[in-house]
Amino acid sequence: MTYSHFDPVAQDRVPWNFGAKIGPKRPFNQKQIWAIRFFLDREERIRDRALFDLAIDSKLRGCDLVELKIGDLVSGPEIRTRATITQRKTGRPVQFEIAADARASLFAWLELRGGDVEGFDFPSRVDPYRHLSTRQYARLVDECVAAIGLRHEEYGTHSLRRTKASTICKAKGNIRAIQILLGHSKIENTVRYLGVDIEDALTFAEKTEICPRLGVKTVFPVLALECDGAEIS
């Protein structure tokens with residue numbers, strides 16, 4: 001429901017997001033990731049450690065992450081190395097990897113949790129037949145952020161979704177690969193989501209050489225040999 005600016009009651013109404021930081025949340029760096037893991041391990045929060053690791057590896061939105069079921073991640077007695085789900089927002093399938101650290105923390109949690117393949121990986125503590133709510137997931141992330149001394153205005157659940165994607169972007173510069181991993185329908189959405197701007201584009205360009213002359217390995221070694229002693233026009 002919206003409010004008319006002609007309504008005198010709405011004149012002094014404070015916007016729901018007044019004072020909140022608008023824009024994308026910052027991704028975590030390696031130091032912050034390990035600080036949060038140390039905090040969760042110290043507090044013996046096995047479930048939250050598994051949730052944190054899976055959130056980073058899966059790069060899923062919160063609504064998809066909390067709805068994961070045991071059968072999505074488990075194959076026999078082992079945790080899958082790769083899993084596929086259908087995104088709620090787009091209705092498109094997305095595949096994600098589960099690294100060794102995440103598999104270890106998930107195994108520890110699911111062994112403690114028990115249940116069958118139809119159960120949710122992270123059930124609600126209020127109703128065990130329902131999954132953890134996205135609101136509670138957001139509270140857990142805020143708690144972790146505060147525990148390591150970061151500002152909760154700058155970090156949130158999307159920080160976990162963006163962390164690995166941003167790392168891949170900086171290392172490889174392959175926007176198309178990140179689009180597939182995030183499950184975006186358009187590459188323009190991925191560009192906006194990662195905040196890639198002209199400075200990033202120029203940085204990628206500066207790191208790319210067509211024909212280096214100092215023995216640097218290239219993508220096209222045959223062309224590099226042909227370029228030796230010749231000019232490219």
Side-chain angles (χ1 to χ4, degrees), residues 25 27-28 32-145 147 155-165 167-168 177-185:
K25 300 294 186 179
F28 294 109
Q32 293 164 348
I33 291 171
W34 282 107
I36 291 175
R37 284 173 172 166
F38 177 80
F39 162 72
L40 294 174
D41 289 344
R42 185 190 65 196
E43 299 296 319
E44 298 182 350
R45 295 168 62 167
I46 299 175
R47 183 201 67 170
D48 297 344
R49 169 65 192 269
L51 180 62
F52 178 78
D53 288 344
L54 183 60
I56 289 179
D57 273 1
S58 69
K59 301 168 287 294
L60 293 175
R61 297 177 181 88
C63 59
D64 294 322
L65 180 68
V66 298
E67 291 184 357
L68 287 173
K69 294 186 175 182
I70 295 176
D72 295 326
L73 305 180
V74 172
S75 178
E78 298 181 349
I79 305 296
R80 300 175 187 268
T81 57
R82 292 183 180 180
T84 303
I85 67 157
T86 300
Q87 300 173 104
R88 181 200 286 188
K89 182 176 181 180
T90 64
R92 297 162 60 94
V94 63
Q95 191 176 48
F96 56 90
E97 77 288 354
I98 307 175
D101 284 338
R103 291 200 302 273
S105 58
L106 277 169
F107 185 84
W109 161 241
L110 293 178
E111 189 176 39
L112 180 65
R113 183 225 184 284
D116 55 34
V117 294
E118 291 301 319
F120 292 108
D121 290 297
F122 306 102
S124 168
R125 288 177 175 171
V126 177
D127 184 352
Y129 295 101
R130 298 178 60 114
H131 58 73
L132 180 77
S133 69
T134 53
R135 185 180 294 274
Q136 181 61 21
Y137 170 47
R139 289 197 192 102
L140 291 173
V141 174
D142 285 344
E143 187 176 348
C144 292
V145 167
Y155 297 88
T157 57
H158 268 280
S159 296
L160 296 171
R161 176 164 157 80
R162 296 185 66 205
T163 292
K164 201 164 189 178
T167 302
I168 296 171
I178 300 168
Q179 177 195 2
I180 295 172
L181 292 173
L182 292 176
H184 287 161
S185 57

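Each residue takes its place number in the sequence, starting with 1.
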What side-chain donor-acceptor pairs closer than 3.5 Å can you find for residues 130-142, not counting sequence neighbours?
{"unit_1": "Ser133", "atom_1": "OG", "unit_2": "Gln136", "atom_2": "N", "d": "3.1"}
{"unit_1": "Gln136", "atom_1": "OE1", "unit_2": "Arg139", "atom_2": "NH1", "d": "3.0"}

When rounded to the nearest 0.5 Å, the distance separating CG of Leu106 from CZ of Arg113 is 12.0 Å

For Pro128 and Pro123 the tightest heavy-atom approach is O-CB, 3.7 Å

Taken to the nearest 0.5 Å, the spacing of Thr163 OG1 from Phe28 CZ works out to 6.0 Å

Counting heavy atoms not belonging to Arg82, are there more than 12 under 6.0 Å from its CZ?
-> no

Would you say Leu65 and Leu160 make side-chain contact, with heavy atoms under 4.5 Å?
no

**OP:** Could you check Leu60 against Leu68 for side-chain contact (heavy atoms from CB on, under 4.5 Å), going step by step and ending with a plain yes or no?
**Re:** CA-CA 10 Å; Leu60 293 175; Leu68 287 173; 4.0 Å; yes

**Asked** When you look at Leu54 and Phe122, which way does the side-chain contact (heavy atoms from CB on, under 4.5 Å) test go after all the steps?
**Response** CA-CA 11 Å; Leu54 183 60; Phe122 306 102; 3.9 Å; yes

Hits for side-chain hydrogen bond (donor to acceptor under 3.5 Å, both in side chains) against Asp57, two or more places apart or cross-chain, chain-then-number order -> Lys164

Residues passing the salt bridge (charged side-chain N to carboxylate O under 4.0 Å, His left out) test with Arg37, sequence neighbours excluded, are Asp53, Asp101

When rounded to the nearest 0.5 Å, the distance separating OG of Ser159 from CD1 of Ile56 is 10.0 Å

Residues passing the side-chain hydrogen bond (donor to acceptor under 3.5 Å, both in side chains) test with Lys59, sequence neighbours excluded, are Glu97

Report task. Might you work through the side-chain contact (heavy atoms from CB on, under 4.5 Å) test for Val117 and Val74, ending with a clear yes or no? Result -> CA-CA 8 Å; Val117 294; Val74 172; 5.7 Å; no

Residues at least two apart in sequence or cross-chain that pass salt bridge (charged side-chain N to carboxylate O under 4.0 Å, His left out) with Arg45, listed by chain then number, are Asp48, Glu143

Which atom pairs, one a donor and one an acceptor, fall under 3.5 Å between side chains of residues 87-96 and the rest of the protein, sequence neighbours left out?
{"unit_1": "Gln87", "atom_1": "OE1", "unit_2": "Arg61", "atom_2": "NH1", "d": "2.9"}
{"unit_1": "Gln87", "atom_1": "NE2", "unit_2": "Thr90", "atom_2": "OG1", "d": "2.9"}
{"unit_1": "Gln87", "atom_1": "NE2", "unit_2": "Arg92", "atom_2": "O", "d": "3.3"}
{"unit_1": "Gln87", "atom_1": "NE2", "unit_2": "Gly183", "atom_2": "O", "d": "3.2"}
{"unit_1": "Arg88", "atom_1": "NH2", "unit_2": "Glu67", "atom_2": "OE2", "d": "2.0"}
{"unit_1": "Thr90", "atom_1": "OG1", "unit_2": "Arg92", "atom_2": "N", "d": "3.2"}

Could you go step by step and tell me if Ile98 and Thr81 meet the side-chain contact (heavy atoms from CB on, under 4.5 Å) rule? CA-CA 5 Å; Ile98 307 175; Thr81 57; 5.9 Å; no

Point to revise | Flag, side chain of Trp109 to backbone of Asp121, donor-acceptor distance under 3.5 Å | key: yes

When rounded to the nearest 0.5 Å, the distance separating CD1 of Ile46 from CG of Leu40 is 11.0 Å

Separation between OG (Ser58) and CD1 (Ile85), nearest 0.5 Å, reads 7.5 Å

Task: Crowding at CZ, Phe39 (>12 non-hydrogen neighbours, <6.0 Å) - done: yes

Close side-chain approach of Phe107 and Arg103, heavy atoms under 4.5 Å
no

- Query: So, do Phe52 and Ile33 sit near enough that their side-chain heavy atoms are less than 4.5 Å apart?
  - Reply: yes

